[in-house]
Novice: 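Got a structure for you, questions after.
Chain letters run A, B, ... following the sequence lines, proteins first and then strands; every chain starts at 1. The basis for the numbers below is simple: all heavy atoms, side chains too, and nothing from hydrogens, waters or symmetry mates.
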Protein chains: 2
Amino acid sequence: MSPEIPEEGTKHAKRSYHHGSLHPALIDAGLALARTGGPSAVVLRAVSREAGVSHNAAYRHFANHEDLLAAVGERAMAELGRLMLHRMAGITAPDEARLAQARLAAIGRAYVDFALAEPGWFRTAFSGATAHPHPPAAGAHPPLPEPPPDPLPEPPPDPGTDPFLILGAALDHLVTAGTLPATRRPGAEYAAWSAVHGLSALLVDGPLRTLPEAEARRAVESVLAVVARGL
Amino acid sequence: MSPEIPEEGTKHAKRSYHHGSLHPALIDAGLALARTGGPSAVVLRAVSREAGVSHNAAYRHFANHEDLLAAVGERAMAELGRLMLHRMAGITAPDEARLAQARLAAIGRAYVDFALAEPGWFRTAFSGATAHPHPPAAGAHPPLPEPPPDPLPEPPPDPGTDPFLILGAALDHLVTAGTLPATRRPGAEYAAWSAVHGLSALLVDGPLRTLPEAEARRAVESVLAVVARGL
DNA sequence: TGCAGATGTGCCCACTGTCAACATTCCGCA
DNA sequence: TGCGGAATGTTGACAGTGGGCACATCTGCA
């Protein structure tokens, strides 16, 4: 209304009408809000406010609220993938077979640990409409062809951090190490992923939410053991 | 404002100021809304409208929106349990061992089928704060002691329809049939439940949402096979 | 230099959950 | 029988939400 002087940069130093990089700034702000409050905290207006911009500015970068939430969820998913990779990298074993097994268990543990340590991000990662275009994939995975460098503004945010692909690689390793019969490889990710994701969901949001820490730990190991035996 | 004649019963016949049984009516209305729209469709005002009552009337029966949603979720959960029981009842087998195995598979299939057939209810059942007081239960389940008939207005809505308890009974059956070593019984529900719940969540809301029907079927069987082998 | 498209702002709307004040009805007790 | 308190429903208001529109401001390219 009144021609008040707008305080000259309320958070970000140089900002005169044009933010410069609102798109990533909005995602970052959303990620911060999602971390503590889950997907429902990723409120368009709060995100815009956090980015030092009026609501509605976001509509220049995202089609709608759902679109923004999906972008934030994708980042949260990548965060999960990053933890899986990190844990996997720290594993050593006397032979290839045991290495492959230990790695599978490690990424499984990482999955649940992430859900428990960052429930806000976990919920957000799976709340969005992040419709993975995972094709049937009932066969073997070639090592990430990724033929056309599609001209999207955002390069697919680290294709290496996709939890599903990380799991697939771990299962492939199990095959080459001779631990998993090749005939059982197709579809194996469904069982492994489902078990670990289900436990995470039940512990974070579901009826197992009240399980005491120690019992939860035991449940994780129990689930991992069943999967290892059953694959 | 103006003293208009209020149409005399807009849906339920006799209703003059007092509804008579608003509490269950609200839950029923919520259940109907949840079925098609999931938990986010269980809107306080819409539910009240559906029950033929002004918004805010619900506050005489539920502490807040979350409370109502939890009640609706509990009913949706019971619906899931009902399907599991129904499917289990239809199973026959030449001997006890195979019967127990087939039953376990049947309730697992029922779980996923329910999620796929009634995604709205499935989401609602697990969205609410229905904090099951499932204690550690790492031991054996005595056959539902249920000692004090607690004076709650709502008798625990059919204790027999609790999916978790149904699963526990099926696993117990596996033990008595000699298929599952008793030493492996503790914690077995975690693996079984997690696998089936995880697959459901991934198929309904998660990255596997775009999986074609046939592939989804295959994934279910794959997951069930791994669990059966791994338990 | 000028102007078209990109980006950000203000104002508006319908809708939501929740609160407080009020109206109506029911039930137990005299 | 009657009456008063406790349940139960209603009305109106509030702040906060996602979203649409017109307009302001800036940036890059001819």
Novice: Report the residues that fulfil side chain to side chain contact (heavy atoms under 4.5 Å, CB included) with V220(A), sequence neighbours left out, ordered by chain and then residue number.
Specialist: R109(A), V112(A), L199(A), L224(A)
Novice: I need the NE2-C1' distance between H61(A) and dG5(C), as an integer number of Å.
Specialist: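 Result: 14 Å.
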Novice: Nearest-Å distance, CZ (F62(A)) to C1' (dG19(D))?
Specialist: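 Computing the F62(A):CZ to dG19(D):C1' distance gives 16 Å.
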Novice: Expressed as a whole number of angstroms, how long is the span from L26(B):CG to dG17(C):C1'?
Specialist: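 After rounding, the gap between these two atoms is 15 Å.
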Novice: How many Å lie between CG on N56(A) and C1' on dC21(D), as a whole number?
Specialist: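 After rounding, the reported distance stands at 9 Å.
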Novice: Going by the salt bridge (charged side-chain N to carboxylate O under 4.0 Å, His left out) test, which pairs reach into residues 116-127 of chain B, not counting sequence neighbours?
Specialist: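 Only R35(B)-E118(B), R123(B)-D205(B) qualify under salt bridge (charged side-chain N to carboxylate O under 4.0 Å, His left out).
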Novice: Can you give me the N/O atom pairs linking the protein to nucleotides 15-18 of chain D at distances under 3.5 Å, or say none if there are none?
Specialist:
| from | atom 1 | to | atom 2 | distance (Å) |
| --- | --- | --- | --- | --- |
| dG18(D) | OP1 | L44(A) | N | 3.0 |
| dG18(D) | OP2 | L44(A) | N | 3.3 |
| dG18(D) | OP2 | R45(A) | N | 3.3 |
| dG18(D) | N7 | R45(A) | NH1 | 2.4 |
| dG18(D) | O6 | R45(A) | NH1 | 3.2 |

Novice: R217(B): what forms a side-chain hydrogen bond (donor to acceptor under 3.5 Å, both in side chains) with it, not counting sequence neighbours?
Specialist: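 side-chain hydrogen bond (donor to acceptor under 3.5 Å, both in side chains) check on R217(B) returns D113(B), E213(B).
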Novice: Of A63(B) and L22(A), whose nearest nucleotide on DNA chain C comes first from the 5' end?
Specialist: L22(A)
Novice: Under 4.0 Å between a side-chain nitrogen and a carboxylate oxygen: does that hold for E79(B) and R82(B)?
Specialist: yes
Novice: Whole Å only: how far is the CG atom of L68(B) from the C1' atom of dT18(C)?
Specialist: 14 Å
Novice: For residues 36-46 of chain A, which side-chain N or O atoms pair as donor and acceptor with protein atoms under 3.5 Å away, sequence neighbours left out?
Specialist:
| from | atom 1 | to | atom 2 | distance (Å) |
| --- | --- | --- | --- | --- |
| T36(A) | OG1 | L33(A) | O | 3.4 |

Novice: Using ring pair (Phe, Tyr, Trp, His ring centres under 6.0 Å) as the criterion, list what pairs up with F122(B), not counting sequence neighbours.
Specialist: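 Once residues adjacent in sequence are excluded, the partners of F122(B) under the ring pair (Phe, Tyr, Trp, His ring centres under 6.0 Å) criterion are F126(B), H197(B).
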Novice: Measure the distance from CZ on R60(B) to C1' on dT10(D) and round it to the nearest whole Å.
Specialist: 9 Å
Novice: Rounded off to whole Å, could you give me the NE2-to-P distance for the H23(A) and dA6(C) pair?
Specialist: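 Between P of dA6(C) and NE2 of H23(A): 16 Å.
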